[in-house]
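Report on the following structure.
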Amino acid sequence: MCLAVPTLVKKIDGQEAEVETGGVTRRISIVITPEVKVGDYVLVHTGYAITVMSGDEARESLRQLTELAEFM
């Protein structure tokens, strides 16, 4: 099973971005989503931002993932 996780964009440097999820920061490729801006949420899969999400949509997805993790 593959899981893509909503992630907050903190900094952009060319075709890469520094992003943060749950206090963890890492670099990803934004080559597929060149329209992304700092402060946007992106859906990240295998190190690539695959789509830009609304803040509400991202926060709801993260809330549901947290609930699922607590259940398991």
Side-chain angles (χ1 to χ4, degrees):
M1 180 172 105
C2 297
L3 184 63
V5 178
T7 306
L8 180 63
V9 176
K10 305 291 272 185
K11 182 178 176 184
I12 294 175
D13 183 19
Q15 293 185 334
E16 292 188 340
E18 183 178 295
V19 296
E20 185 268 329
T21 300
V24 176
T25 301
R26 65 182 183 141
R27 293 186 69 82
I28 63 165
S29 173
I30 56 170
V31 70
I32 300 171
T33 55
E35 72 277 20
V36 69
K37 300 179 294 281
V38 172
D40 284 347
Y41 280 91
V42 291
L43 197 57
V44 177
H45 181 66
T46 63
Y48 289 85
I50 58 174
T51 190
V52 179
M53 306 175 73
S54 74
D56 289 342
E57 184 180 31
R59 285 184 285 277
E60 177 61 18
S61 293
L62 289 169
R63 185 191 65 76
Q64 291 177 359
L65 288 170
T66 300
E67 281 186 13
L68 180 62
E70 291 171 357
F71 178 74
M72 298 176 94

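Note that these values count all heavy atoms, side chains included, but never hydrogens, waters or copies made by symmetry.
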Does Val44 sit in a hydrophobic cluster with other residues, and if so which ones, taking ILVMFWY side chains as linked at heavy-atom separations under 4.5 Å, directly or through other members?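 Other cluster members: Val9, Ile12, Val19, Ile28, Ile30, Val36, Val38, Val42, Val52.
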With a cutoff of under 4.5 Å between side-chain heavy atoms, which Ile, Leu, Val, Met, Phe, Trp and Tyr residues group with Phe71?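 Under the 4.5 Å side-chain rule, Phe71 groups with nothing.
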By salt bridge (charged side-chain N to carboxylate O under 4.0 Å, His left out), which residues pair with Glu60, not counting sequence neighbours?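 If we apply the salt bridge (charged side-chain N to carboxylate O under 4.0 Å, His left out) test to Glu60, skipping adjacent residues, the hits are Arg63.
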Name all residues meeting the salt bridge (charged side-chain N to carboxylate O under 4.0 Å, His left out) criterion together with Glu20; count only those two or more places apart in sequence or in a different chain, and write none if there are none.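 Scan of Glu20 (salt bridge (charged side-chain N to carboxylate O under 4.0 Å, His left out), adjacent residues dropped) gives none.
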Name the residue from Leu43, Ile32, Thr33 that meets the side chain to side chain contact (heavy atoms under 4.5 Å, CB included) definition with Tyr48.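 Checked Leu43, Ile32, Thr33 against Tyr48; only one passes side chain to side chain contact (heavy atoms under 4.5 Å, CB included): Ile32.
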Results of side-chain hydrogen bond (donor to acceptor under 3.5 Å, both in side chains) for [X] - residues two or more places apart only:
X	value
Arg26	none
Ser29	none
Asp56	Arg59

Could you list all the side chain to side chain donor-acceptor pair (under 3.5 Å) pairs where at least one residue sits in residues 35-45, not counting sequence neighbours?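 Residue pairs passing side chain to side chain donor-acceptor pair (under 3.5 Å), neighbours aside: none found.
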Nearest 0.5 Å, please: how far is OG1 in Thr21 from CG in Leu62?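 Interatomic distance, Leu62 CG to Thr21 OG1, rounded to 0.5 Å: 6.5 Å.
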Partner residues of Glu57 under the side-chain contact (heavy atoms from CB on, under 4.5 Å) criterion, sequence neighbours left out: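 Met53, Ser54.
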Hydrophobic clustering (ILVMFWY, side-chain heavy atoms < 4.5 Å, transitive) - are Leu3 and Ile50 grouped together?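 Yes: a chain of side-chain contacts under 4.5 Å links Ile50 to Leu3.
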What closest approach, in Å, do Leu8 and Gly39 show between heavy atoms, and which atom pair accounts for it?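 So the two residues come closest at CD1-O, 3.4 Å.
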Please determine if Lys10 and Glu18 form a salt bridge, counting it only when a charged side-chain N lies under 4.0 Å from a carboxylate O.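 No salt bridge links Lys10 with Glu18.
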